[in-house]
Amino acid sequence: MKLGKQCSSFILVSSLVALIAPLAHADNYVLGVASCPPWKNGDDIEANERLLNMCPRDIAQMVNALEQRFDVKEENVVTLMQEDATPENMYRALFELEKSMTAGDTLFFFQMTHGGIIPYNYKGYNVSGEIFAYYSEEKPENFGTAVQDGYWISARDLRDAIYELGNSTDANIVAIVEACHSEAAGHEIVHNPLLNLDGNDRVSFIFSADADQAATFNDDSTGARFTEEFVSALVSADTGTSLDAVFSVAREKTHRGALNACMSRDPEDLKDLHGHPQAYFENCTQEPAFVDPRGLMLDLKVN
């Protein structure tokens with residue numbers, strides 16, 4: 001979503017599976033990050049309370065589904081929520097995972113945040129791209145410097161951390177990002193100096209919305225639409241179903257649900273949307289996307 005607009009935004013899931021080690025000897029991990037800052041909706045107390053309740057709800061559902069379908073041990077689960085959802089804590093969690101993960105292991109990294117496209121500084125260069133709003137009690141005065149000051153994180157920095165973990169452990173990563181406009185990060189992932197296409201690690205990303213689309217709430221505004229549909233598809237999938245197939249079910253239901261939500265609006269609101277194509281496509285046509293350069297999502301199977 002564009003920061004400052006009403007939107008659910010969310011976050012990310014990562015999964016690492018090696019090419020050379022038998023899956024029977026692999027360990028699975030989950031790292032979940034969820035940030036729902038209290039300032040998002042300004043003085044709208046009710047809307048902010050819904051958002052604050054959304055973080056624990058969605059991260060619990062995602063983590064539980066991943067634990068259930070991928071046999072993740074309780075000690076291999078780390079969650080960073082609200083005030084704990086800082087870039088520093090996320091980097092520290094990845095550092096600890098690097099100590100224990102090896103080829104054949106799988107990490108599911110779930111991130112739930114607000115997302116937007118803004119100018120910021122990356123490694124000393126002025127750039128523009130997707131950023132993720134990690135937790136802060138107050139709304140930053142300048143979104144770009146919030147990245148530079150370490151309060152928020154850019155898609156490029158998150159990408160680098162994930163690829164460095166994969167390269168150093170020979171583990172494979174699937175990152176599922178639940179955030180508005182999240183697919184805008186796709187080109188930053190593909191055009192990546194750390195991309196290691198001939199290495200033992202494989203990295204894939206799933207995005208909850210296209211680059212020009214908001215990530216919408218579910219019908220009762222209690223959670224993120226894509227997260228809810230992905231969890232539902234994962235829990236109900238038959239044993240042996242690929243992650244690619246799970247995503248396909250969630251993608252279709254998310255797209256259809258967003259369209260139906262717009263069609264059920266007040267006729268005057270819908271007429272106004274039809275008269276503003278940019279707003280219509282942004283808010284009514286949510287289509288999740290993915291980047292899977294080496295078929296990892298085809299090989300990952302639910303238990």
Q: Considering residues at least two apart in sequence or located in another chain, which fulfil the salt bridge (Lys or Arg N to Asp or Glu O under 4.0 Å) criterion with E98?
A: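 E98 satisfies salt bridge (Lys or Arg N to Asp or Glu O under 4.0 Å) with no residue once adjacent residues are dropped.
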Q: Give a yes or no answer on whether the side chain of S154 reaches the backbone of D157 with a donor-acceptor pair at less than 3.5 Å.
A: yes
Q: Centres of the H114 and F132 rings: under 6.0 Å?
A: no
Q: Between I59 and T227, does a side-chain contact (heavy atoms from CB on, under 4.5 Å) hold up when you go through it step by step?
A: CA-CA 9 Å; I59 198 171; T227 294; over 6 Å; no
Q: Would you name the heavy atoms of A161 and Y91 that are closest together and state the gap between them?
A: CB-CE2, 3.8 Å
Q: With hydrophobic residues grouped by side-chain heavy-atom distances under 4.5 Å, do Y135 and F143 end up in a single group?
A: no
Q: Ignoring hydrogens and angles, tell me if any N or O in the side chain of K139 forms a donor-acceptor pair with the backbone of S136 under 3.5 Å.
A: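 Flag not set: sc K139 to bb S136 has no pair under 3.5 Å.
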Q: Cut-off 3.5 Å, side chains only: do T285 and Q213 have a donor facing an acceptor?
A: yes
Q: So do L197 and L195 actually touch side chain to side chain, heavy atoms under 4.5 Å?
A: yes
Q: Does atom NE2 of H274 have more than 12 heavy-atom neighbours from other groups under 6.0 Å away?
A: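 Yes, NE2 of H274 has more than 12 neighbouring heavy atoms, counting only those of other groups under 6.0 Å.
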Q: Taking everything shown except F281 itself, do over 12 heavy atoms lie less than 6.0 Å from its CZ?
A: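 Result for CZ/F281: open.
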Q: Check the pair E88 / R92 against salt bridge (charged side-chain N to carboxylate O under 4.0 Å, His left out), numbers first and verdict last.
A: CA-CA 6 Å; E88 181 181 2; R92 184 179 294 114; 3.0 Å; yes
Q: With salt bridge (charged side-chain N to carboxylate O under 4.0 Å, His left out) as the criterion, how do E164 and R159 come out once you've worked through the C-alpha distance, each side chain's angles and the decisive distance to 0.1 Å?
A: CA-CA 9 Å; E164 285 169 359; R159 168 204 72 187; over 6 Å; no
Q: Quick one: does any side-chain atom of S208 pair with a main-chain N or O of A179 as donor and acceptor, under 3.5 Å?
A: yes
Q: Could you check whether atom OH of Y151 has more than 12 heavy atoms from other residues, nucleotides or ligands sitting under 6.0 Å from it?
A: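 At most 12 heavy atoms, drawn from other residues, nucleotides or ligands, come within 6.0 Å of this atom.
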Q: Treating N76 as the side-chain partner and V72 as the backbone partner, does any N or O pair qualify as donor plus acceptor under 3.5 Å?
A: no
Q: Tell me, do D272 and H276 make a side-chain contact under 4.5 Å, heavy atoms counted?
A: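 Yes; the side chains approach each other to less than 4.5 Å.
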Q: Applying side-chain contact (heavy atoms from CB on, under 4.5 Å) to D170 and T102, what does each step give before you reach the verdict?
A: CA-CA 6 Å; D170 278 345; T102 61; over 6 Å; no
Q: Kindly indicate whether the side chain of F290, heavy atoms from C-beta on, has any atom under 4.5 Å from the side chain of F207.
A: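 F290 does not reach F207 side chain to side chain.
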Q: Can you see which heavy atom on G144 is nearest to which on N142, and at what distance?
A: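 In terms of heavy atoms, the two residues are closest at N-OD1, 2.9 Å.
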Q: Any heavy-atom pair between the side chains of T241 and V246 that's under 4.5 Å?
A: yes
Q: For a 4.5 angstrom cut-off between non-hydrogen side-chain atoms, does P140 reach T145?
A: no
Q: Does D238 CG have over 12 foreign heavy atoms under 6.0 Å away?
A: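 Counting other residues, nucleotides and ligands, CG of D238 stays at 12 neighbours or fewer.
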Q: Quick check against the 3.5 Å criterion: does H181 have a side-chain atom that pairs as donor or acceptor with the backbone of A211?
A: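 It does hold such a pair.
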Q: To the nearest 0.5 Å, what is the distance between OG on S35 and CD1 on I153?
A: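 If I round to the nearest 0.5 Å, the distance is 11.5 Å.
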Q: Nearest 0.5 Å please: distance from the CG atom of L296 over to the OG atom of S204.
A: 4.5 Å
Q: Heavy atoms only: give me the nearest N303-D71 pair and the separation to one decimal.
A: ND2-OD2, 3.0 Å
Q: Please assess N121 against Q148 for the test side-chain hydrogen bond (donor to acceptor under 3.5 Å, both in side chains), listing each intermediate value before the final yes or no.
A: CA-CA 6 Å; N121 187 278; Q148 186 173 334; 4.7 Å; no
Q: How far apart are the closest heavy atoms of A155 and E188, and which atoms are they?
A: CB-OE1, 3.2 Å
Q: Taking the side chain as every heavy atom from C-beta outward, state whether N283 and T216 have any pair of such atoms under 4.5 Å apart.
A: no
Q: Just checking, is any N or O donor in the side chain of N196 or D201 under 3.5 Å from an acceptor N or O on the other one?
A: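 Their side chains do contain a donor-acceptor pair, which is all the 3.5 Å distance test asks for.
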Q: With side-chain contact (heavy atoms from CB on, under 4.5 Å) as the test, would you mind laying out the steps for F226 and I206 before giving the verdict?
A: CA-CA 11 Å; F226 174 71; I206 292 175; 3.8 Å; yes
Q: Is there a path of hydrophobic side-chain contacts, each under 4.5 Å between heavy atoms of I/L/V/M/F/W/Y residues, joining L66 to V235?
A: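 V235 and L66: one cluster.
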Q: Report the residues that fulfil side chain to side chain contact (heavy atoms under 4.5 Å, CB included) with A261, sequence neighbours left out, ordered by chain and then residue number.
A: D219, R225
Q: Show the atom names and distances, to 0.1 Å, of all donor-acceptor pairs under 3.5 Å that link a side chain in residues 247-254 to residues at least two apart or in another chain.
A:
unit_1	atom_1	unit_2	atom_2	d
S248	OG	D244	O	3.0
T254	OG1	A250	O	2.7

Q: Take atom CD in E75; do more than 12 heavy atoms of anything else shown fall under 6.0 Å from it?
A: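 More than 12 heavy atoms, drawn from other residues, nucleotides or ligands, come within 6.0 Å of this atom.
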Q: Check A171 against M101 and note the closest heavy-atom contact, atom names and distance.
A: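 Smallest interatomic distance, heavy atoms only, reads CB-CE, 3.8 Å.
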Q: Can we say D292 and R202 salt-bridge, meaning some charged N sits less than 4.0 Å from an Asp/Glu carboxylate O?
A: no
Q: Evaluate K271 against E268 for salt bridge (charged side-chain N to carboxylate O under 4.0 Å, His left out), listing each step before the verdict.
A: CA-CA 5 Å; K271 182 179 179 180; E268 287 301 315; 5.2 Å; no
Q: Are any non-hydrogen side-chain atoms of V127 and P119 less than 4.5 angstrom apart?
A: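 A side-chain contact is absent here, since even the closest heavy-atom pair is not under 4.5 Å.
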Q: Does a side-chain heavy-atom distance below 4.5 Å link L165 with F95?
A: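 Side-chain contact under 4.5 Å: no.
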Q: Atom CG of L273 and atom CD of E282: how far apart are they, to the nearest 0.5 Å?
A: 10.5 Å
Q: Please report the interatomic distance CZ(F217) to CD(E228), rounded to the nearest 0.5 Å.
A: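 The CD atom of E228 is 12.5 Å from CZ of F217, to the nearest 0.5 Å.
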Q: State whether the side chain of N89 and the backbone N or O of D84 hold a donor-acceptor pair below 3.5 Å, judged by distance alone.
A: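 Present.
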Q: Using modelled atom types and a 3.5 Å cut-off, is there a donor and acceptor pairing between side-chain atoms of S232 and backbone atoms of E229?
A: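 Side chain of S232 to backbone of E229, a donor-acceptor pair under 3.5 Å: no, none is there.
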Q: So, does T113 use its side chain to make a donor-acceptor pair with the main chain of C36 at under 3.5 Å?
A: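 No, the answer is negative, given that no donor and acceptor are paired below the 3.5 Å cut-off.
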Q: How long is the straight-line distance from CD of E67 back to OH of Y29, given to the nearest 0.5 Å?
A: 14.0 Å
Q: Do W152 and Y125 sit in the same hydrophobic cluster, where Ile, Leu, Val, Met, Phe, Trp and Tyr count as joined when their side-chain heavy atoms come under 4.5 Å apart?
A: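 Yes.
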Q: Using the rule that Ile, Leu, Val, Met, Phe, Trp and Tyr join whenever any side-chain heavy atoms are under 4.5 Å apart, tell me whether V77 and F230 fall into a single cluster.
A: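 Yes, same cluster.
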Q: Applying a strict under-4.5 Å side-chain criterion to I, L, V, M, F, W and Y, I'd like to know whether L194 and V291 cluster together.
A: yes
Q: Indicate the atoms forming the closest heavy-atom contact of I117 with S128, along with that distance.
A: CG2-OG, 4.2 Å
Q: Do the side chain of R69 and the main chain of L234 share a donor and acceptor less than 3.5 angstrom apart?
A: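 Answer holds: yes.
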Q: Looking only at side-chain N and O atoms, does T222 offer a donor or acceptor that is under 3.5 Å from a partner on N218?
A: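 T222 and N218 do have a side-chain donor-acceptor pair below 3.5 Å.
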Q: Between I162 and V203, is the side-chain contact (heavy atoms from CB on, under 4.5 Å) condition met? List the steps.
A: CA-CA 8 Å; I162 288 174; V203 181; 4.0 Å; yes
Q: Is it true that a side-chain atom of D210 and a backbone atom of D212 form a donor plus acceptor pair closer than 3.5 Å?
A: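 Checked: no pair found.
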Q: Looking at R256 and E287, is any side-chain nitrogen of the basic one under 4.0 Å from a carboxylate oxygen of the acidic one?
A: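 So E287 does not pair with R256 through a salt bridge.
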